[in-house]
Amino acid sequence: QVQLVESGGGLVQAGGSLRLSCAVSGRTFSTYAGAWFRQAPGKERELVAAINWRTGNPYYADSVKGRFTISRDNAKNTVYLQMNSLKPEDTAVYHCAFAIWYNPTNVPKDPPQYDYWGQGTQVTVSS
């Protein structure tokens, strides 16, 4: 059984920083993609950032480029999201997700493509 455990959410003022972590336990995969999605009240879940586990190549939504950084630690089976220069519009529940993914040239971008999900962590940015 695969479990994803997230940590690092909280309340921060605009311009501040937070670091989210997501540790995967249970079954391990030969290759996959890790990602962070977010969902604000009344809005659809959107992809924030994703990383190809084999190559380390990242993908970012336009809204977070230059402010957020996704990274992974292979030895710890953990994916991180460093969020800097946070804005009130970044307020949402952030979910980590993993997909079994064999393509080294890209990452999955749609929620149904992801096989495992974390429970979510709240990020609130005050103005």
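- Considering only heavy atoms from C-beta on, R45 comes within 4.5 Å of H95 through its side chain.
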Requested in this report: Apply the test side-chain contact (heavy atoms from CB on, under 4.5 Å) to residues L20 and T121: give CA-CA distance (whole Å), side-chain angles for both, the deciding distance (0.1 Å), then the verdict.
Outcome: CA-CA 9 Å; L20 306 182; T121 185; 4.0 Å; yes

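- For the pair R19 and Y80, the cation sits on the ring face: its NZ or CZ lies under 6.0 Å from the ring centre, inside 45° of the axis.
- Considering only heavy atoms from C-beta on, F98 stays 4.5 Å or farther from D115 through its side chain.
- Side chain to side chain, T124 and Q122 meet the donor-acceptor criterion of an N or O pair below 3.5 Å.
- In this structure a side-chain-to-backbone donor-acceptor pair under 3.5 Å is present from E6 to G120.
- Nearest approach of P108 to A99, heavy atoms of both residues: CG-CB, 3.9 Å.
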Report task. Check the pair D90, R67 against side-chain contact (heavy atoms from CB on, under 4.5 Å), reporting the backbone distance first and the verdict last. Result -> CA-CA 11 Å; D90 295 318; R67 300 188 298 122; 2.7 Å; yes

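- Note on D62 versus K65: salt bridge recorded, some NZ/NE/NH1/NH2 to OD/OE distance being below 4.0 Å.
- Checked by atom type, the side-chain pair N84/S17 shows a donor-acceptor distance below 3.5 Å.
- Contact annotation: the side chain of V24 approaches that of V2 to within less than 4.5 Å [non-hydrogen atoms, C-beta and beyond].
- Put simply, the side chain of T78 gets close to the backbone of K76: a donor and an acceptor are under 3.5 Å apart.
- The 12-atom threshold is exceeded at NZ of K109, counting heavy atoms of other residues, nucleotides or ligands nearer than 6.0 Å.
- Using a 4.5 Å heavy-atom cutoff, the side chains of R38 and V64 are in contact.
- Looking at heavy atoms from C-beta onward, P111 lies in side-chain contact with F37 at the 4.5 angstrom threshold.
- Looking at heavy atoms from C-beta onward, I51 lies in side-chain contact with V79 at the 4.5 angstrom threshold.
- Using a 4.5 Å heavy-atom cutoff, the side chains of C96 and Y116 are not in contact.
- In this pair, F68 and Y94 present their aromatic rings tilted. The plane angle is within the 30 to 60° band.
- Taking the six-membered ring for Trp and thresholds of 30 and 60 degrees, W53 and Y32 have ring planes inclined between 30 and 60 degrees apart.
- The two residues G9 and V123 come nearest to each other via the heavy atoms CA-CG2, 4.2 Å.
- No side-chain heavy atom of W117 sits under 4.5 Å from any side-chain heavy atom of L4.
- At least one donor-acceptor pair under 3.5 Å links the side chain of N52 to the backbone N or O of T55.
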